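This report refers to the structure that appears directly beneath it.
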Number of protein chains: 2
Amino acid sequence: MNSESIAYSSQRESLGILLGLVRAEIVRTMEAEIAAKGLELRFTQFLILKRLARQGPMGATELARSVELDGGAMTRQLDQLESRGYLRRCPHAQDRRALRIELTDEGTALWRQLTDCNDRVLKAAQRSLNATERKQLHDYLERVLHALRDKD
Amino acid sequence: MNSESIAYSSQRESLGILLGLVRAEIVRTMEAEIAAKGLELRFTQFLILKRLARQGPMGATELARSVELDGGAMTRQLDQLESRGYLRRCPHAQDRRALRIELTDEGTALWRQLTDCNDRVLKAAQRSLNATERKQLHDYLERVLHALRDKD
DNA sequence: CACATATATTTGCCTTGACAAATATACTTC
DNA sequence: GAAGTATATTTGTCAAGGCAAATATATGTG
């Protein structure tokens, strides 16, 4: 193997792949943390609860978009989480098409347990980055996101 | 809404969500670019071809791990890509369990078309980052990946 | 107001991928 | 080299998610 092909094969992962790898690892780690607490929740459900806990009640579509989930898939996740008693579908005051999805007390209590998993995973993930680097990583990712979304 | 709750609700996306959003956007953009060329390929298949084109022939398991795909799912993707003539399953010289998966000429030709998509999407994604920032983003992501994989 | 268009949610259908079991082969140890 | 263990690939099964159609309601226009 000559130096050129060495350089070639050791080429860095492109952004697309790398993001996928990191995300998959975060999902795995988070689900392991959750399971270790004896809780039965997939990452998607974790995200839904997190979003509701942090942002408060909102509609299904907004919720779906915020966790990058299809509307149909969201309906089914809500079915599950509602049947387990973690959230409620309330009618929206102004818009009779829409829902106002809110955590129940049980859901809020569950989130309190999950906070712990959340913190541990984020801490583990970022442990090799200092405060400045964490900010930068965040900032860069948001800039990439906007660059792709606003394709002028 | 008081100032505290404002600060709370404008809290930054956590890494898990943000990575998912960015990745989803990259997948969408790439698939749109591919479709715009009249090609029929999902992002996963794109990744498989890319990996083979860049790293050369390799086994199915290694390929699967490199694109973060389950082994079973890989078998089916290989079925498809092989039936469409883009790659070949050759027997591995030393290990009779394993495969040596390699691109056909047609596969290589296809990749030449895809390079274009690849470049355009990466360029678009990173357009608001300068050279240093791109390197940092890459570096940070790899550090996060390793931090999660080698849990001390 | 009537009509056309847009949005929120649900449901059906289908594809993709995860997980586990089966099979074949390699490696390790006694 | 026989037995046990580990790895590569394939296949079956199932759940999750994407897409499109259906329904209900909202909004904008003449």
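Please read these numbers as outputs of a predicted model, since none were measured by experiment.
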Donor-acceptor check, side chain of His146(A) to backbone of Glu142(A), threshold 3.5 angstrom: yes or no?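 The answer is yes, because a donor-acceptor pair under 3.5 Å joins these two groups.
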Within the side chain of Gln113(B), is there an N or O that forms a donor-acceptor pair under 3.5 Å with the backbone of Leu110(B)?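 No, because the side chain of Gln113(B) does not come within donor-acceptor range (under 3.5 Å) of the backbone of Leu110(B).
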Which pairs, with at least one residue in residues 49-78 of chain B and sequence neighbours excluded, count as a ring pair (Phe, Tyr, Trp, His ring centres under 6.0 Å)?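 Residue pairs with at least one partner in residues 49-78 of chain B: there are none.
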Does anything in residues 31-74 of chain A form a ring pair (Phe, Tyr, Trp, His ring centres under 6.0 Å)? List the pairs, not counting sequence neighbours.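 Residue pairs passing ring pair (Phe, Tyr, Trp, His ring centres under 6.0 Å), neighbours aside: Phe43(A)-Phe46(A), Phe46(A)-Trp111(A).
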Taking salt bridge (charged side-chain N to carboxylate O under 4.0 Å, His left out) as the definition, give me every residue that meets it alongside Glu82(A), ordered by chain and number, with sequence neighbours left out.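 With sequence neighbours excluded, Glu82(A) shows a salt bridge (charged side-chain N to carboxylate O under 4.0 Å, His left out) to Arg89(A), given in chain and number order.
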Name all residues meeting the salt bridge (charged side-chain N to carboxylate O under 4.0 Å, His left out) criterion together with Asp95(B); count only those two or more places apart in sequence or in a different chain, and write none if there are none.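 Asp95(B) satisfies salt bridge (charged side-chain N to carboxylate O under 4.0 Å, His left out) with Arg97(B) only.
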From CE (Met74(B)) to CG (Leu78(B)), nearest 0.5 Å: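 Taking CE in Met74(B) and CG in Leu78(B), the distance rounds to 5.5 Å.
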If I take atom CG from residue Leu49(B) and atom CD from residue Gln77(B), how far apart are they, to the nearest 0.5 angstrom?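 Reported to 0.5 Å precision, the distance equals 10.0 Å.
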With each end axis built from five pairs of C1' atoms, what bend angle do you get for the helix from dC1(C)-dG30(D) to dC30(C)-dG1(D)? Round to 10°.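 The helix from dC1(C)-dG30(D) to dC30(C)-dG1(D) shows an end-to-end axis angle of 30°.
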When you measure from the side-chain N and O atoms of Thr75(B) to the phosphate of dT11(D), is any distance below 4.0 Å, counting only OP1 and OP2?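 Checking Thr75(B) against dT11(D): no side-chain N or O falls below 4.0 Å of OP1 or OP2.
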Atom [atom1] of [X] to atom [atom2] of [N]: distance rounded to whole Å?
| X | N | atom1 | atom2 | result |
| --- | --- | --- | --- | --- |
| His92(B) | dT25(C) | NE2 | P | 15 Å |
| Leu99(A) | dT9(C) | CG | C1' | 7 Å |
| Leu81(B) | dT9(D) | CG | C1' | 16 Å |
| Met74(B) | dA18(C) | CE | P | 10 Å |
| Met58(A) | dT9(C) | CE | P | 12 Å |
| Leu78(B) | dT10(D) | CG | C1' | 11 Å |
| Arg100(A) | dA8(C) | CZ | P | 17 Å |
| Phe46(B) | dT16(C) | CZ | C1' | 19 Å |

Look at all strands and tell whether Gln94(B) reaches a base, only sugar-phosphate, or nothing, counting heavy atoms closer than 4.0 Å.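 Sugar-phosphate only.
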Can you give me the closest heavy-atom contact between Val22(B) and Leu141(A), atom names plus distance?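 For Val22(B) versus Leu141(A), the nearest heavy atoms are CG2-O, 3.6 Å.
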Which pairs count as salt bridge (Lys or Arg N to Asp or Glu O under 4.0 Å) when at least one residue sits in residues 107-117 of chain A, sequence neighbours excluded?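 Passing the test, one end in residues 107-117 of chain A: Lys37(A)-Asp116(A), Asp116(A)-Arg120(A).
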List in chain and number order the residues that pass side-chain contact (heavy atoms from CB on, under 4.5 Å) with [X], two or more places apart in sequence or in another chain; answer none if no residue qualifies.
| X | result |
| --- | --- |
| Arg96(A) | none |
| Glu106(A) | Tyr86(A), Thr104(A) |
| Ala32(A) | none |

Please identify which of these residues, Arg143(B), Lys135(B), Gln136(B), meets the side chain to side chain donor-acceptor pair (under 3.5 Å) condition with Asp139(B).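 Considering Arg143(B), Lys135(B), Gln136(B), a side chain to side chain donor-acceptor pair (under 3.5 Å) with Asp139(B) is found only for Arg143(B).
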For each nucleotide in nucleotides 12-24 of chain D, reading 5' to 3', give B when a protein heavy atom comes within less than 4.0 Å of its base, S when such contact involves only the sugar-phosphate, and - otherwise. BB---SBB----B
Give every pair of a protein N or O atom and an N or O atom of nucleotides 1-3 of chain D that lie under 3.5 Å apart, one pair per line with the distance.
none

Residue-level proximity of residues 22-40 of chain B to DNA chain C when a heavy atom falls under 4.0 Å: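 When residues 22-40 of chain B is checked for heavy atoms under 4.0 Å from DNA chain C, there are no hits whatsoever.
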